[in-house]
Amino acid sequence: MPEGHSVHRLAKQFGSVFAGEQLAVSSPQGRFAAGAALLDGGTLLSALAHGKQMFLRFDGDRVLRVHLGLYGAWSFGGDATFRGASSIGAPRRVGESEQPTGDAGASTYAGPPEPVGAVRVRLVSPHGWADLRGPTACEVITAAEEQAARARLGPDPLQPDSDATVFVSKVTSSITPVGVQLMNQAVIAGIGNIYRAEVLFLQGINPWRPGKQLRDDEAGGIWADTVRLMKDGVREGRIITTTPEARNGRPKRSAPNYVYKRTGEPCRRCGTPILTAEMAARNVYWCPQCQAD
DNA sequence: CGGTTATGTATAG
DNA sequence: TATACCTAACCGC
């Protein structure tokens, strides 16, 4: 998926283009017909991202909980109030940016297009539309259930009131490798496979090191760098972790990351070939020199 | 056109 | 640890 930064961009977008609007909700694909009927005609009050989950709060104690999973994505279109709205979700290539959607920001908006492909949910306001494809989770819950779902998540580096000490104490109290813990959404909410690899490289920490062997300041460094990287991700709409110097003058898209998906290629800092291994069913990447342990 | 791949998670065993 | 979920782009034939 789409790591946490994408979900925060989505929540912002829903808040700016749909909040306060009455929405027609449907499920062109049919798999969400019952849930769509519950929401149809409701007014969107607010949108919130916590980690990789998004909560769209409607009036009448109705909340649409969406988790994009590995392949989910939203696309948008509409009149001038939708200017800048992009398709946000699972990119298909490393470093890919969000794609402008068909008629987002059109000066003459004539309503939503015929649904293309498997559209699980379609939201339509007087000003535009949003289509959701391929989510892992998509359900209508209550505000109380939203609170319960959020209580199962760890602190989100992108929420200003998140408590870094909660993350630090969790990660340092378990012998589980730090690279496994960073993918555990109950430890820190929003990190995915790219941020895991990149933040551990930047902090010079081997993914296999047990959490208990991290000093508090090392865990705090992981948190602080994750906040920085994910804020950059929200701003850019892509995960760019390399500095211009590390890219050696090359464009961001050709060298966006230090280690992610660079198996066998030379480390951008020391030239040592990047290693990869399976860790908790996902590929982890690291530089054996810069992240000796 | 079929096989592969993906920034994720839940569940079974 | 393995598999299911179930979408779309990409690649090789």
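Just the heavy atoms: all of them, side chains too, but no hydrogens, waters or symmetry mates, feed the values below. Order of the sequence lines sets the chain letters (A, B, ...), proteins ahead of strands, with each chain counted from 1.
OP1 or OP2 of B:dT9 lies within a sub-4.0 Å distance of a side-chain N or O belonging to A:Lys52. Within the structure, every side-chain polar atom (N or O) of A:His67 is placed at least 4.0 Å from both OP1 and OP2 of B:dG8. In this model, the phosphate group of B:dA6 is approached by a side-chain N or O of A:Lys261 to a distance below 4.0 Å at OP1 or OP2.
One atom, CZ of A:Arg152, and another, P of B:dT9, lie 14 Å apart when rounded to the nearest Å. Distance, A:Arg133 CZ to B:dG8 C1': 20 Å, rounded to whole Å. A:Tyr195 has its OH atom 19 Å from the P atom of B:dA6, to the nearest Å. Per the geometry, CH2 belonging to A:Trp74 stands 15 Å off P belonging to C:dT7, to the nearest Å. In this structure, A:Asn283 places its CG atom 15 Å from P of C:dT1, rounding to the nearest Å. Protein atom CG of A:Leu182 is 15 Å distant from nucleotide atom C1' of B:dG8, rounded to whole Å. Across the protein-nucleic acid pair, A:Arg196 atom CZ and B:dA6 atom C1' stand 14 Å apart, rounded to whole Å. Straight-line distance from the CD1 atom of A:Ile239 to the P atom of B:dA6: 14 Å, rounded to whole Å.
The side chain to side chain donor-acceptor pair (under 3.5 Å) analysis of residues 28-49 of chain A, with sequence neighbours excluded, yields the pairs A:Gln29-A:Arg120, A:Ser46-A:Arg57. Sequence neighbours left out, the pairs with a member in residues 155-199 of chain A that pass ring-ring contact (aromatic ring centres under 6.0 Å, His included) are A:His5-A:Tyr195, A:Phe167-A:Trp223.
Taking the six-membered ring for Trp and the full ring otherwise, A:Phe18 and A:Phe82 have centroids separated by under 6.0 Å.
For A:Glu265, the salt bridge (charged side-chain N to carboxylate O under 4.0 Å, His left out) partners at least two apart in sequence or on another chain are A:Arg262. Considering only residues two or more places apart in sequence or on other chains, A:Thr142 meets the side-chain hydrogen bond (donor to acceptor under 3.5 Å, both in side chains) condition with A:Glu145. The salt bridge (charged side-chain N to carboxylate O under 4.0 Å, His left out) check on A:Asp217 picks up A:Arg215, with sequence neighbours excluded.
Summarising the hydrophobic clusters (Ile, Leu, Val, Met, Phe, Trp, Tyr; side-chain heavy atoms under 4.5 Å, direct or chained), the residues clustered with A:Leu153 are none. The other residues sharing a hydrophobic cluster with A:Leu275 are A:Val180, A:Trp208, A:Met279, A:Val284, A:Trp286, where clustering joins ILVMFWY side chains under 4.5 Å apart.
Here the separation of B:dG13 from C:dC5, taken at their P atoms, is 14 Å to the nearest Å. Rounded to the nearest Å, the gap between the P atom of C:dA4 and that of B:dT4 is 15 Å. A gap of 15 Å separates the P atoms of B:dA12 and C:dC6, to the nearest Å. Here, B:dT5 and C:dT3 have their P atoms 16 Å apart, quoted to the whole Å.
The distance from the CG atom of A:Asp59 to the CD atom of A:Gln22 is 8.0 Å, given to the nearest 0.5 Å.
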Grab the N/O contacts between the protein and nucleotides 3-6 of chain C below 3.5 Å, and write none if there aren't any.
unit_1	atom_1	unit_2	atom_2	d
C:dC6	OP1	A:Arg31	NH1	3.2
C:dC6	OP1	A:Arg31	NH2	2.6
C:dC6	O5'	A:Arg31	NH1	2.9
C:dC6	O2	A:Tyr71	OH	2.6

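The side chain to side chain donor-acceptor pair (under 3.5 Å) test with A:Thr242 is passed by exactly one of A:Arg250, A:Arg268, A:Arg247: A:Arg247.
Near-neighbour residues of DNA chain C inside residues 223-232 of chain A, defined by a heavy atom below 4.0 Å, are absent.
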